[in-house]
Novice: 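Sharing a structure here in structure tokens format.
Naming: A, B, ... by sequence-line order, numbering from 1 per chain.
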Amino acid sequence: MDTNGNDNASGGGSSLGGGVDLAKSPGPGAGVELGRRGLPKLREIIIRNREDSECGPSDDIPELDFVYADADSLEREVSELYSFTELPEFALNQQHYSDAVSELGLDVRWPDMSEAQRTAVLLSLVDKVELARRDDRLRASRAILYISQGCWGDLHTPEEVQSWARRNALLLYKCGVLPVLIDILNLEIESGTAPVTAVRKLAVSVADSSDLRVLLSVLYLMVEQMRHVRDSDPPEEVRLRDAFTQELGQPQDTGELLAVSLLGMVSRFCSGAAPHFPMKKVLLLTWKVLLLTLGGSDQLRRLRTAARAAAGLPDVPEDTVERTRTMRASSPPPAPVEQLVDAVFGPQRPRFTRSKVVNGDAMDAMNDSTDVAEEGGKSTETGSGQPGQPDRSPPRCDSPRPETPVHHGRALPWKPKVHRRDIEEYLTVSRKKFVGFRLEDDLESMAGLPQPILEGRYILDKHLYRSLAEVQVEREEEISASPFSRPEQEVPQTPAELLFAGMLPNLPQYMIALLKVLLAAAPTSKTKSDSINILADTLPEEMPVSVLHSMKLGIDVNRQKEVIAKAVSAVLLLLLKHLKLNHVYQFEFVSQHLVFANCIPLVLKFFNQDTVQYVTAKNSISALDFPRCVLGPQVDLTSETLQLGDEQPYCWRNVFTSINLLRILNKLCKWKHSRIMMLVVFKSAPILKRSLRVKHAMMQVYTLKLLKMQTKYLGRQWRKSNMRTVSAIYSKVRHRLVDDWAFGNDLKSPGFYAYCKEVDARPWDYEAEERALRSKVDHFIARRYSPESLEELEPVDVSLSSVLATPLELTPAFKANYRRWLEREVFQQSTDWDKLIEPGYMG
Amino acid sequence: MTEAPIIRRNRPGTKQADFYGWPDELFEEMDSTLAVQQFIQQMVRRNPAAVDAILTAPEQQDEGVWKYEHLRQFCMELNGLAVKLQLGCQPDTCTQMTATEQWIFLCAAHKTPKECSAIDYTRHTLDGAACLLNSNKYFPSRVSIRESSVSKLGSVCRRVYRIFAHAYFHHRQLFDEFESETHLCRRFTTFVTKYGLMTKENLNVPILEDQAPAEESEA
């Protein structure tokens, strides 16, 4: 959009095009800017541009038309399940299937069989899955895998394969394959001969995990097919799907959730006990199981609305994912806000002088959005909403204020929010100034305050936002304050609650394991000898000799890493989002463990690369993707076919991963002063700034949010040389009405927002903040998940006769030595009982 | 003549010959929540050989409950076979759960399935089935049954059936003794076939008349 003026930049093609270009550029905004800034600024811009261009050309990146979703298309999600090394196994599976069918004396193609015959085939296979001999089992499960792949041997088009895969997945479930497979999966996890061979051999290869891979693949295919809802589904299918979802969300017969068993696999893998575990499939399955049982973003939105309604709160004003979908990306580095506004509203819009532009736009927009939100005409003179701002309210203002332009309701992407504590602070400050004394905990009395303050108060009230987390925190305080009179009602056993309870015993290990895998999958990580090998299930038994095959393997390895990173990031994000909704302290528990396991530097490390290159990487060979690799005439593998990726200008999974990781980072750092300081300490600003080059609105919003959090700690110099980023933050990120995020005094504000009050006193003590949170979380966990911790609240039995009547079993060792005990502990001990009644001893 | 109310109960001290010595009751008149079980047991007592009659559900009977109650009944009666097997089937002779020699089965009643001896398989599987069928989680009600739980019945049938198969192929005499008294295997085979819980390929005990050729193909 606004890159026209910059296209003439030569060679380096930096987006700003240098100061001269800027001067030439037709945008009036740029001209105004330059005129006001004068020569020193110009020099600065030129220097900055030189810095920028060192990072390579960025202007040729088109805006990504990536649409964020819970997962990619079904076809691609399925094809990513298989690595290219597994290609020969497709035929093997088919072979075992044909053997099984001919054993039954059936000589019919799968699509031509009657439903009863298909059931018969499946039931006889399921029977054999429970055989004791490993080879027999593997044969049967391979045949089942072939069926769940859609019996492609008898079909011709990918669409047919797809529709049969769907039908077969339903049939598999109807035949009770799910519990049997999970049983056998547990068997393979626990025993299995593979570890012995894997530990003995130095290099673990794809052959070591064949049993597990087959089982996980079948489960994955079932889950993935069940996950996809179509409007045309008959009610029978809907019922089956609901039953399936419910079954996965309930603990298995072993008392463990499937998702928890899978996370257990990840942590065992990371401990080195099971190097043969096929991590990619385990993680993909974990992700999809969570997605199915907990629900994706639609479900999250429904749950959030319901939970907020139950807490008596209105629905959230807008959904981040939805809203960013309609936003436009800034060009990298982000254009100043004027240009953006021009592009949206046309250049004829009257301008302010430079000094007022940013604020003016923001304020106008704010007024507008309040206008939209409110029916009364009162808010036309609400410009004075900000404390400390010069009075700008239009009727009394001398400066020629233009007509408020019509913004079509999209001037500001987000409705600004105000925290309750902002209002408290605002009133305290105003009272101190106008009244002269403090009124604690009184938000009502407005006596003695002048009209502008009242108006400001009115605006703040209108934007007051109460989060579900605050409600939960307050409720938790209430429960611990009065455990008997206001005890916790029965906790609803939601899927998220069940999952958390299931994960709780080993939760730290799971988090560490997930991060370890993510680290190993990060594109920037160097292969160290001691790090875990997540590629075991791509490596063939014999290393390739030809160049072509090593190229293929190279692509396969990169693809594997990308898919793993995608799965881990999605798992973490899903966990955080659902737990936050379920109970904020569950979320805090998980996020604290993530932070302790160095999640923040890890994610930053992930972005410390050429993100643009990462999101456009092409590590795929579409000719080898399932089902193309088994349907129709097979192309010979040449270097040309290797080059034939899909036509998309970006790599879906990598954009998805990047956005997920940014969201995770946002979730971890939001309102957490100590963690924001970690962002500063790890020098995240230049890293994040670089990832702004990816022209995708959602990704930029999340990046800008991270930058916004830390802006005030980055110093004047940084702000000065990054005004464009600052402007982008203004135009893209939600405003907090009284938050002085960019220029605020860094010692005052953070504690002011953190919802742990006691931290307020010492906002610079970061450890204290984490500790305070930790103790609250621990208290919550102990209270809800280990009821014995409440025993101290039970009344103590003080009746002598009943205490003595309690049967007590003494240990044989004690019985044998009780005389010595008596001697030492009773007779030799002298207790000064009088001390007890001395004043001050017992308070 | 005033009719004394019939008490359908085996009082302590009842002689074995007098057990269940009360007249049959119509299904419609059974008013307990356990009517289906009561009805099935009544039919079995009347004539265990009348397999089809036993398996004919009363009109408007919920099929899920019907299958569930029958499976319960099978598992209970199978304990009789298990008792007989304990006499002949020793863990050191039948070290593995086999039917025909070809296949050895895992015992699925454990956290992770493992290889048990035949008699242990029998005990574990029957225990496991009893646990499952009585579990509050899957079968909280005996009046209506969730669909997701009905799907569990198939695998119980498959696992339980292997007990018949083992007895038939390895302890033929015990099996015949038991079968002539109870006709349980015949009833079970008819049951699973009728409700499609297992397919005839898996039913390798040639107990039904039309099933005779199956033995050759399996052997």
Novice: Counting heavy-atom pairs under 4.5 Å with chain B, which one of A:Leu240, A:Asp242, A:Val177, A:Val126 comes out on top?
Specialist: A:Val126
Novice: Looking at every heavy atom in both B:Arg158 and A:Val180, which two are closest together, and how far apart are they?
Specialist: NH2-CG2, 3.2 Å
Novice: With a 4.5 Å limit on heavy-atom distance, are the side chains of A:Asp136 and B:Ile104 in contact?
Specialist: no
Novice: Tell me if a side-chain donor or acceptor on A:Asp127 pairs with a main-chain N or O of B:Asn202 at a distance below 3.5 Å.
Specialist: no
Novice: Using only atom types and a distance under 3.5 Å, with no angle test, would you say the side chain of B:Lys137 pairs donor to acceptor with the backbone of A:Gln250?
Specialist: no
Novice: Is it true that atom OH of A:Tyr785 has more than 12 heavy atoms of other residues, nucleotides or ligands lying nearer than 6.0 Å?
Specialist: yes
Novice: First locate atom CG of A:Leu131, then atom CD of B:Glu115, and finally report the distance between them rounded to the nearest 0.5 Å.
Specialist: 10.0 Å
Novice: Answer yes or no: are there more than 12 heavy-atom neighbours, outside B:Lys194 itself, under 6.0 Å from its atom NZ?
Specialist: yes
Novice: How long is the span from the CD1 atom in A:Ile189 to the OG1 atom in B:Thr112, to the nearest 0.5 Å?
Specialist: 10.0 Å
Novice: Do A:Glu247 and B:Arg146 make a side-chain contact, defined as non-hydrogen atoms from C-beta onward lying under 4.5 Å apart?
Specialist: no
Novice: Which answer fits B:Leu153, side chain, backbone, both or neither, if we ask what part of it has an atom under 4.5 Å from a heavy atom of chain A?
Specialist: neither
Novice: Under 4.5 Å, counting heavy-atom pairs only, tell me which of A:Gln246, A:Arg239, A:Arg133, A:Lys174 racks up the most with chain B.
Specialist: A:Arg239
Novice: Can you confirm whether more than 12 heavy atoms, excluding those of A:Asp112, are under 6.0 Å from its CG atom?
Specialist: yes
Novice: Should we count CD of B:Gln173 as having more than 12 external heavy atoms under 6.0 Å?
Specialist: no
Novice: Grab the two heavy atoms, one from B:Tyr138 and one from A:Gln252, that are nearest each other, plus how far apart they are.
Specialist: OH-C, 4.4 Å
Novice: Please classify the contact of A:Asp183 with chain B as side chain, backbone, both or neither, using a heavy-atom distance under 4.5 Å.
Specialist: both
Novice: Heavy-atom pairs under 4.5 Å with chain B - which of A:Ala243, A:Cys175, A:Gly176, A:Ala120 has more of them than the others?
Specialist: A:Ala120
Novice: For A:Glu130 and B:Arg159, what are the C-alpha separation, side-chain angles and deciding distance, and is it a salt bridge (charged side-chain N to carboxylate O under 4.0 Å, His left out)?
Specialist: CA-CA 9 Å; A:Glu130 288 185 345; B:Arg159 287 165 188 169; 2.5 Å; yes
